[in-house]
Structure formats: structure tokens, C-alpha cells
Amino acid sequence: MELTAFEEKWDKTHPTISQSWRRNWAQVIPFFAYPADIRKVIYTTNAIESLNMSLRKVTKNRGSFPNDEAMLKLLYLALRNIAKKWTLPIRDWKAAMNRFSILFEDRMPNL
């Protein structure tokens, strides 16, 4: 019902989102089974996608590179800047850990 409401509101401007969710519903719905605290951490900690997006952003505006070494240098510098952000703690991690300890008590180590 919520997806239908989402479609009614957003399909005029963003039709591919609901279409993609419907096609991949079996993979999407388990995500919503988690409480909001956990969903927020799962969504915001997808480090690989974040890294790929950051590297694409750096190379996107460059039409071409004079040689492979120039591209490697640009990616190296970008990775150095991106890595500085990795020292920050995961936002809302404590709330998510509390939820994990309740939901998965048998899997959580005694802290």
C-alpha cells in the first residue's frame, strides 16, 4: 500500500524508482523489516557504493586523460581525500547497536 502511495506521488517525475522496487521486491522488502534505527545505519554505511560514486564524480568531468599515469594520479589524490572521511564514526551507530542487541541477542557478543 505504501509503495502504491509512493508511486502516485512520485511516478510522474521519478518513474524508475518504483519500477525498480517492484522488479526487485524480494530483495527490497527485507530491508523494511528492520527498525528505523537499523535501516538508517544499513543505508548510510554502504561504503563501496559511496567510494565508487566519489571516484566517478572525480573522473566524470574529465573528457580524457593524456595517459594512464595522469588518471592514476587523480584517483590516488581523490582516494587520499576520501579516506579522510573514513575516520568519522558511523552516524547513529549506538542506537543501531542497541537494536541489534535486542533483535539478535543470541548473535551479539557480551560487551
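The shown structure was predicted, so the numbers you read here are calculated from the model rather than taken from an experiment. Throughout, numbering of the chain's residues begins at 1 and tracks the sequence.
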side-chain contact (heavy atoms from CB on, under 4.5 Å) involving N98 - partner list, sequence neighbours excluded: K94
Any pair counted as salt bridge (charged side-chain N to carboxylate O under 4.0 Å, His left out), so long as it reaches residues 63-81, sequence neighbours left out: E69-K73
Residues which pass salt bridge (Lys or Arg N to Asp or Glu O under 4.0 Å) with K9, listed by chain and number, not counting sequence neighbours: none
L55 vs I82 side-chain heavy atoms within contact, under 4.5 Å: yes
Shared hydrophobic cluster, F100 / L103 (ILVMFWY, side-chain heavy atoms < 4.5 Å): yes
Please set out all donor-acceptor pairs under 3.5 angstrom arising from side-chain atoms of residues 23-33, sequence neighbours excluded.
unit_1: N24; atom_1: ND2; unit_2: S20; atom_2: O; d: 2.9

Geometric class of the Y34/F104 ring pair [parallel <30°, tilted 30-60°, perpendicular >60°]: tilted
I38 versus A96, closest heavy-atom pair with distance: CG1-O, 4.1 Å
Counterpart residues, side chain to side chain donor-acceptor pair (under 3.5 Å), relative to D92 (two or more places apart): K40
Pairing residues for T13 by the side-chain contact (heavy atoms from CB on, under 4.5 Å) criterion, not counting sequence neighbours: W10
Beyond-backbone contact of F65 with T59, side-chain heavy atoms, under 4.5 angstrom: yes
R99 side, atom CZ; I102 side, atom CD1 - distance, nearest 0.5 Å: 6.0 Å
Same apolar cluster (I L V M F W Y, side chains within < 4.5 Å links), V58/L79: yes
